[in-house]
4 protein chains.
Amino acid sequence: MPLPKHLKPRKVPKQQRSRALVDAIVEATARVLVARGFESLNVAEVAEVAGVSIGSLYQYFPHKEALVVALLERHADRESAFLEARFTELRAATPAALLRTAVSAVLAFRALDPELHQALTSVIPIVGRFDDLRNRGARTAAHLRTLLEPLYRPKEGAPSLDELIFIVGNATHSLTHEGLLRRPESFSDQRLAEEISRLWTSYLGLEATPLE
Amino acid sequence: MPLPKHLKPRKVPKQQRSRALVDAIVEATARVLVARGFESLNVAEVAEVAGVSIGSLYQYFPHKEALVVALLERHADRESAFLEARFTELRAATPAALLRTAVSAVLAFRALDPELHQALTSVIPIVGRFDDLRNRGARTAAHLRTLLEPLYRPKEGAPSLDELIFIVGNATHSLTHEGLLRRPESFSDQRLAEEISRLWTSYLGLEATPLE
Amino acid sequence: MPLPKHLKPRKVPKQQRSRALVDAIVEATARVLVARGFESLNVAEVAEVAGVSIGSLYQYFPHKEALVVALLERHADRESAFLEARFTELRAATPAALLRTAVSAVLAFRALDPELHQALTSVIPIVGRFDDLRNRGARTAAHLRTLLEPLYRPKEGAPSLDELIFIVGNATHSLTHEGLLRRPESFSDQRLAEEISRLWTSYLGLEATPLE
Amino acid sequence: MPLPKHLKPRKVPKQQRSRALVDAIVEATARVLVARGFESLNVAEVAEVAGVSIGSLYQYFPHKEALVVALLERHADRESAFLEARFTELRAATPAALLRTAVSAVLAFRALDPELHQALTSVIPIVGRFDDLRNRGARTAAHLRTLLEPLYRPKEGAPSLDELIFIVGNATHSLTHEGLLRRPESFSDQRLAEEISRLWTSYLGLEATPLE
DNA sequence: TATGAATGAGGTTTCATTCAT
DNA sequence: AATGAATGAAACCTCATTCAT
């Protein structure tokens with residue numbers, strides 16, 4: 001990774017054929033990244049797995065890092081879509097139930113492809129400078145704000161909403177990402193969601209709600 | 001990085017001269033790792049920065065990954081030493097104060113060299129298979145257990161101590177590592193330590209204690 | 001550039017549209033060649049600068065070298081036209097004045113686009129085998145012969161007219177091409193033309209004529 | 001040739017072994033350059049012809065252009081040595097004989113390896129920005145100045161010595177380089193040297209001297 | 001006829017590792 | 001024990017050219 005080159009794909013795929021090609025490449029990147037990790041991932045193999053010539057690959061992705069950035073974006077989009085679908089389902093509920101659902105949703109998405117999720121998490125610091133992580137973080141934070149704003153009644157001397165989002169966001173992220181692979185065996189996804197939810201309700205000063 | 005080779009350094013440095021040599025190499029690894037990241041770190045540069053011939057380097061480190069593993073170990077040892085020093089200072093105190101101190105200590109260590117801490121965090125998944133991370137986690141967990149055991153009185157249906165340690169450990173880790181770089185400006189180290197401490201006391205059902 | 005392929009453009013453009021297209025391509029070749037040099041010139045960029053699809057380009061130019069050869073031809077044609085226009089203007093004059101005019105004309109053409117002239121000069125050895133340079137040289141030699149024949153009265157043991165043309169042609173070429181870029185500051189185009197003319201009149205045993 | 005990188009070899013060969021290695025590489029560059037031209041010259045082939053691993057090559061030459069620059073330097077050094085040897089032989093002589101000898105010397109050096117000389121001449125514009133051509137020209141000019149200064153007695157309105165050097169130097173260069181390959185068959189090296197010498201004596205206003 | 005997506009051979013360069021000195 | 005020259009596999013990336021649409 002000598003120098004920051006282009007940040008974005010060289011061309012935007014317009015025709016249907018190219019779109020399929022780009023999809024195949026991104027998918028191959030996912031497979032190879034999980035199998036090998038970023039350092040050992042090599043572009044030729046990605047092209048081969050995608051069933052695409054390496055020249056075609058380079059028409060859309062100017063360098064190795066761009067592959068991973070595209071994958072990161074696809075993954076983030078899918079996660080957003082997934083979570084939003086869950087959220088719109090239940091608009092009304094007790095605060096604690098809301099939280100529990102949110103956490104469950106995150107865990108459920110994570111469970112769709114835990115290895116990929118893990119691989120992508122590790123790769124973020126490496127391609128960081130190629131990727132607009134600020135936006136990514138902002139999107140998640142906005143989600144959280146929507147969720148927490150109506151629930152939170154700060155008392156005198158209590159942290160601001162932004163501070164709260166920082167605390168809750170980071171801690172949850174850890175618990176649902178890196179940490180997830182090493183959790184105690186006694187923790188099912190459901191139990192974990194519950195417990196995280198309990199963490200937040202107590203921290204936020206909300207009433208706990210019994211599980212129904 | 002073809003295959004997992006040796007896990008440990010080839011020789012254990014006995015004489016004083018060799019020890020200085022190994023130290024210089026590990027220190028150079030730290031510098032280069034921060035400057036370049038793991039993928040771009042190359043062994044020749046490490047040797048040069050260390051003022052050591054590449055041949056000598058290979059007498060003590062069988063491969064590139066071993067450099068980073070050694071650095072990781074040195075860092076963990078220093079962290080342990082640092083934290084333990086802080087802990088033994090105050091044996092008695094209210095639970096909340098104890099927690100607050102613990103979190104402060106972690107933050108303080110982190111602040112000694114934030115970039116290195118960050119770089120090492122990112123590198124763990126890459127050299128994972130060369131490093132005995134289980135031990136590393138276990139050590140931290142043991143610390144936490146020592147800390148939490150006397151404070152925690154689980155009620156009926158509450159999580160076990162191990163589960164608690166998982167929750168508390170992961171969330172704190174995130175808040176004091178990756179997250180630390182992106183925290184809101186309003187969060188000084190002290191305010192952050194306080195808030196994290198408040199998170200845990202409320203979660204653990206302890207009384208909050210005002211700062212003295 | 002694996003092997004000598006075709007020497008000539010695939011099609012001869014007949015319709016007006018195609019002619020404009022070919023012109024645009026040759027013009028783009030000139031621009032890119034000056035900017036990048038032959039080795040870095042790439043066909044896709046030429047097509048883009050010409051505002052033409054790469055496919056269209058390949059309908060008229062079978063390979064990269066053909067682009068440069070066409071440019072070389074265009075340039076030679078323009079030079080011939082330019083010089084002939086100057087020559088026909090003055091039919092009668094003293095020999096020295098004639099020579100001075102000839103040299104001036106060459107310098108004047110050179111001054112129209114010195115960078116292009118330079119670039120084309122460098123590129124000749126590279127595309128040599130694709131281009132009929134013999135003809136090109138012959139044309140210039142014929143010009144010179146027309147010019148020198150009436151002026152030259154060889155004495156006993158003196159060089160033949162062909163030898164003379166070789167000497168005069170080569171030396172003038174150098175003085176009006178590569179050398180021109182590095183000439184002493186004291187040499188204006190006019191002074192240089194004068195001096196070259198003086199070189200030839202003395203060599204040819206002609207009387208020098210003062211500038212009018 | 002994306003960017004001007006290093007201008008000089010990475011290492012300076014110190015040990016005898018390395019010196020032989022560098023020599024072998026430069027020699028192989030000469031062979032391959034003559035056979036293929038600069039554009040088709042590829043580094044792997046140079047290494048192979050030199051009987052050296054490509055890695056070793058890159059320890060001394062940071063990029064393709066550096067190979068040719070080194071060759072250019074070796075050639076210029078050899079030429080200087082060759083010419084100086086000839087010049088010191090005859091200190092005293094008539095001006096015309098002196099000039100004739102100088103021209104002969106240039107032709108003789110040229111004849112040692114005409115194809116290489118030709119190849120190197122063509123390659124100068126390509127690697128120009130990597131090579132310090134200014135110095136190269138200056139060296140030749142200094143030679144010429146030494147030669148011409150005692151011979152030249154400028155009359156009123158005649159060109160300065162520097163201007164003279166420019167004229168003489170460029171024209172001779174052309175006649176002894178590019179032009180040499182296409183000379184008329186009637187021109188032996190000796191006849192050519194004579195004729196060039198005659199060109200200069202008449203231009204410089206010296207008396208011609210019969211060949212002894 | 002025009003387009004530009006697709007190809008893949010071919011090229012440059014890096015760098016972990018060995019081993020003669 | 002120390003050195004650093006040598007190795008060469010392996011990686012990245014370009015670009016002339018083709019051909020389906």
Side-chain angles (χ1 to χ4, degrees), chain A residues 1-2 5 11 13-18 21-22 39-48 52-65, chain B residues 1-2 5 11 13 15 17-18 21 39-48 52-67, chain C residues 1-2 5 11 15 17-18 21 39-48 52-67, chain D residues 1-2 5 11 13-15 17-18 21 39-48 52-65 67:
Chain A
M1 191 168 51
K5 303 154 201 173
K11 300 184 186 178
K14 286 169 196 163
Q15 305 183 3
Q16 195 183 7
R17 189 168 48 151
S18 340
L21 183 148
V22 166
E39 173 155 44
S40 306
L41 174 152
N42 81 299
V43 182
E45 185 180 4
V46 170
E48 195 188 321
V52 155
S53 87
I54 195 169
S56 297
L57 187 156
Y58 268 93
Q59 289 206 344
Y60 295 98
F61 300 91
H63 43 74
K64 183 180 163 175
E65 286 79 9
Chain B
M1 190 176 53
K5 305 148 201 176
K11 304 180 184 180
Q15 304 183 5
R17 188 169 49 153
S18 336
L21 185 147
E39 172 155 45
S40 304
L41 173 153
N42 80 300
V43 181
E45 185 180 5
V46 170
E48 195 190 321
V52 155
S53 83
I54 196 169
S56 299
L57 187 155
Y58 268 90
Q59 292 206 338
Y60 294 97
F61 299 90
H63 45 75
K64 180 180 167 177
E65 287 76 10
L67 292 170
Chain C
M1 188 174 55
K5 306 151 200 176
K11 303 182 184 181
Q15 304 183 6
R17 190 170 48 155
S18 334
L21 184 147
E39 174 157 43
S40 304
L41 174 152
N42 81 301
V43 182
E45 186 180 4
V46 170
E48 194 188 322
V52 154
S53 85
I54 196 169
S56 298
L57 187 155
Y58 267 91
Q59 292 206 336
Y60 294 98
F61 300 90
H63 45 75
K64 181 180 166 176
E65 286 77 11
L67 292 171
Chain D
M1 192 169 50
K5 303 153 201 175
K11 301 183 185 179
K14 287 169 196 166
Q15 305 184 5
R17 188 170 49 150
S18 339
L21 184 148
E39 173 155 45
S40 306
L41 174 153
N42 80 299
V43 183
E45 185 179 5
V46 171
E48 194 188 324
V52 154
S53 86
I54 195 167
S56 298
L57 186 155
Y58 268 92
Q59 289 206 343
Y60 295 97
F61 300 91
H63 44 72
K64 181 180 165 176
E65 285 79 9
L67 292 171

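Every chain is numbered from 1, with letters handed out A, B, ... down the list of sequences.
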Is it the case that atom CD in E45(A) sees more than 12 heavy atoms from other parts of the structure closer than 6.0 Å? yes

Please report the closest heavy-atom contact between E39(A) and K64(B), naming both atoms and the distance. OE2-NZ, 3.1 Å

Identify each atom pair where a protein N or O and an N or O of nucleotides 7-11 of chain F are less than 3.5 Å apart, giving names and distance.
unit_1: dT7(F); atom_1: OP2; unit_2: S53(D); atom_2: N; d: 3.3
unit_1: dT7(F); atom_1: OP2; unit_2: S53(D); atom_2: OG; d: 3.3
unit_1: dT7(F); atom_1: OP2; unit_2: S56(D); atom_2: OG; d: 2.7
unit_1: dG8(F); atom_1: N7; unit_2: G55(D); atom_2: N; d: 3.1

Do any side-chain nitrogens or oxygens of Y58(D) fall under 4.0 Å of OP1 or OP2 in dC15(E)? no

Would you indicate whether the side-chain heavy atoms of V46(B) and I54(B) approach each other to under 4.5 Å? no

Give every residue pair that meets the salt bridge (charged side-chain N to carboxylate O under 4.0 Å, His left out) criterion with at least one member in residues 54-63 of chain B, sequence neighbours excluded. none

Would you compute the distance between atom CG of L21(A) and atom OG of S53(A) and round it to the nearest 0.5 angstrom? 8.0 Å

Rounded to the nearest angstrom, tell me the gap between atom CD in E39(B) and atom P in dT14(E). 14 Å

Could you give the CZ-to-P distance, from F61(D) to dT12(E), as a whole number of Å? 15 Å

Side chains of L67(B) and L57(B), heavy atoms from C-beta outward: is any pair under 4.5 Å? yes

Distance, rounded to the nearest Å, where L67(B) contributes CG and dA16(E) contributes P: 9 Å

Taking C-beta and beyond as the side chain, do V43(A) and F61(A) meet within less than 4.5 Å on heavy atoms? no

E48(B) CD to dA16(E) P, straight-line distance once rounded to whole Å: 13 Å

Parsed dot-bracket for DNA chain F after applying the Watson-Crick and G-U rules with both distances under 3.5 Å and | for other-strand partners is .||||||||||||||||||||

